[in-house]
There are 2 protein chains.
Amino acid sequence: MPHTSDHPSTSARRRRTPDERREEIVEAATAVVAEVGYANATLTEITRRAGVSKGLLWHYFSDRDEVMQHAVGHLAGRLRAALVSDVDVSAPVPDVVRAVFARTALFTRTHRQELRALDEIVHNLRTSEGRRRVTLLDYEDVYADHVALLGRGQRDGTIRAGDLRTFAVGYQALIDGMIAHLQAHPDADPLTYADGVAELFLHGAASR
Amino acid sequence: MPHTSDHPSTSARRRRTPDERREEIVEAATAVVAEVGYANATLTEITRRAGVSKGLLWHYFSDRDEVMQHAVGHLAGRLRAALVSDVDVSAPVPDVVRAVFARTALFTRTHRQELRALDEIVHNLRTSEGRRRVTLLDYEDVYADHVALLGRGQRDGTIRAGDLRTFAVGYQALIDGMIAHLQAHPDADPLTYADGVAELFLHGAASR
DNA sequence: GAAGATGTTGACCGCATGGTCAATAGTGGG
DNA sequence: CCCACTATTGACCATGCGGTCAACATCTTC
């Protein structure tokens with residue numbers, strides 16, 4: 001057993017694998033960005049937060065942009081996975097819609113920091129020419145999911161006729177708006193709010 | 001007539017008043033922010049764009065933050081004024097809603113740059129402690145307008161019963177989502193899209 | 001037209017930040 | 001136990017930025 005030390009206590013823990021280190025740094029970046037904003041999120045502060053010397057960051061990432069890009073990937077992956085794993089997409093469409101709103105609303109209470117950081121980074125990550133690196137165009141696959149879901153609803157009669165893309169974009173807009181609103185109002189009850197918005201959308205998109 | 005020169009040509013134009021200068025600088029800031037993003041919008045570049053020496057900026061503004069705050073005020077004021085002046089709020093509620101969506105959609109085609117800059121600055125302006133200076137809480141007066149409008153609709157029977165605040169927040173979310181979507185898709189037809197979203201909302205919130 | 005006030009300039013500074021690097025500690029294989 | 005290799009450190013550097021300032025230009029007023 002070549003383990004150096006097994007107690008996972010204070011400072012003398014076992015050496016991390018490269019992936020663990022990368023993740024530690026990326027998570028520190030997330031935390032710092034969420035707290036002070038993208039522009040003020042210093043690499044020095046990020047390494048400090050990760051409990052790591054400054055130079056090490058460049059052993060794992062080539063520049064600030066790369067750190068942030070990894071952070072986006074990490075965050076988006078975690079959020080999406082948690083959502084998908086928790087909603088039964090084969091249920092009746094209105095139920096799925098309600099569940100998505102509800103789950104997303106709860107997310108704002110359990111993943112406040114991550115959502116803040118994600119928003120922050122997405123809004124600020126740029127290419128070297130100054131254009132946004134992540135745009136709404138990257139929503140396309142999300143829209144595709146929505147279109148598929150709502151299309152099924154149209155076929156089984158739970159969603160009224162109408163342009164699916166408009167529905168999908170409206171659906172996503174309500175989700176994003178709900179997230180922003182709940183983030184800004186930490187005291188609001190997420191579930192009652194989610195219900196309200198879900199009903200608004202379903203009344204708008206449902207047959208009858 | 002102590003005018004130095006009357007021809008409004010190339011470089012030797014008449015001296016600007018303080019307000020004009022401030023506005024020139026603020027507008028240059030808007031343009032630069034829209035192009036390269038908040039973080040990369042250098043004060044040097046802003047003054048260059050305004051056709052003014054670097055030091056002059058500090059004659060009119062005390063620091064970068066103040067420039068950006070003025071820019072927010074300037075932008076929000078112009079956008080709001082143009083919207084309000086163009087929509088007859090005493091018309092039947094559904095007509096008002098449709099008009100707002102339509103006018104806003106057209107805005108994304110006539111004020112692309114300004115909307116970009118506004119979004120950019122709002123997302124990045126911070127207090128010295130790192131918290132956002134402009135948050136969704138500043139939407140409160142906008143929500144108040146929406147609540148008033150939709151409340152009138154409930155009283156005259158064009159809007160169905162339901163929590164007005166939820167309606168208002170959903171309404172604004174659809175507007176913001178539409179703006180973002182049209183900004184990301186410059187080729188989409190704004191009016192047909194606006195109609196679609198308006199109908200989605202009205203189906204959701206209307207009586208019947 | 002002198003004098004004071006105001007507008008304008010560009011050179012300059014301090015500093016924080018992203019990024020580099022030579023040196024050291026730790027790890028694993030033979 | 002040694003050697004090669006990787007992880008890790010912290011001092012260091014270059015740069016670009018926000019911000020200052022003394023000098024100069026221009027207007028206003030009497």
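As the structure is a prediction and not an experimental result, all values here were calculated from the model. Just so it is clear: chains get the letters A, B, ... in the order the sequence lines come, proteins before strands, and each one is counted from 1.
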Q: Just compare C:dG18, D:dC17, D:dT9 and give me whichever is closest to any side-chain atom of A:Val52.
A: D:dT9
**Q.** Gap between atoms CD and C1', on B:Glu20 and C:dT6 respectively (whole Å)
**A.** 16 Å
Q. Could you give the CH2-to-P distance, from B:Trp58 to D:dC21, as a whole number of Å?
A. 13 Å
Q) Under the 3.5 angstrom rule, does the side chain of A:Gln154 hit a backbone N or O of A:Gly162 as a donor-acceptor pair? A) yes
Q.
Regarding A:Asp195 and A:Thr192, do their side chains bring together a donor and an acceptor under 3.5 Å, going by distance alone?
A. no
**Q.** Rounded interatomic separation in angstrom, taking OH from B:Tyr38 and C1' from D:dC17
**A.** 14 Å
Q. Quick check: does any side chain N or O of A:Arg22 sit under 3.5 Å from a backbone N or O of A:Tyr60, one acting as donor and the other as acceptor?
A. yes
Q: Would you indicate, yes or no, if C:dT17 has its OP1 or OP2 atom less than 4.0 angstrom from a side-chain nitrogen or oxygen of A:Thr42?
A: yes
Q: Determine, for B:Phe107 and B:Arg80, whether the Lys NZ or Arg CZ falls below 6.0 Å from the six-membered ring centre while staying within 45 degrees of the axis.
A: no
Q: Tell me what B:Tyr60 touches on the nucleic acid: a base, only sugar-phosphate, or nothing, going by heavy atoms under 4.0 Å.
A: sugar-phosphate
**Q.** Length of the CG-P vector between B:Asp63 and C:dG14, whole Å
**A.** 20 Å
Q. Among D:dT8, C:dT8, C:dG19, which is the nearest nucleotide to the side chain of A:Leu43?
A. C:dG19
Q | Evaluation steps, ring pair (Phe, Tyr, Trp, His ring centres under 6.0 Å), between A:Phe101 and A:Tyr171 | A | CA-CA 10 Å; A:Phe101 275 107; A:Tyr171 181 37; 5.6 Å; yes
Q: Tell me what A:Leu56 touches on the nucleic acid: a base, only sugar-phosphate, or nothing, going by heavy atoms under 4.0 Å.
A: base
Q: Using only side-chain N and O atoms of B:Arg21, determine if any of them is under 4.0 Å from OP1 or OP2 of C:dT8.
A: yes
Q) Can you tell me how far P of C:dG7 sits from CG of B:Leu57, to the nearest Å? A) 14 Å
Q. Between A:Arg64 and B:Gly55, which has a closest nucleotide on DNA chain C that is more 5'?
A. B:Gly55
Q.
Rounded to whole Å, please give me the gap between CG in B:Asp19 and C1' in C:dG7.
A. 14 Å
Q. For C:dG7, does OP1 or OP2 lie under 4.0 Å from any side-chain N or O of B:His59?
A. yes
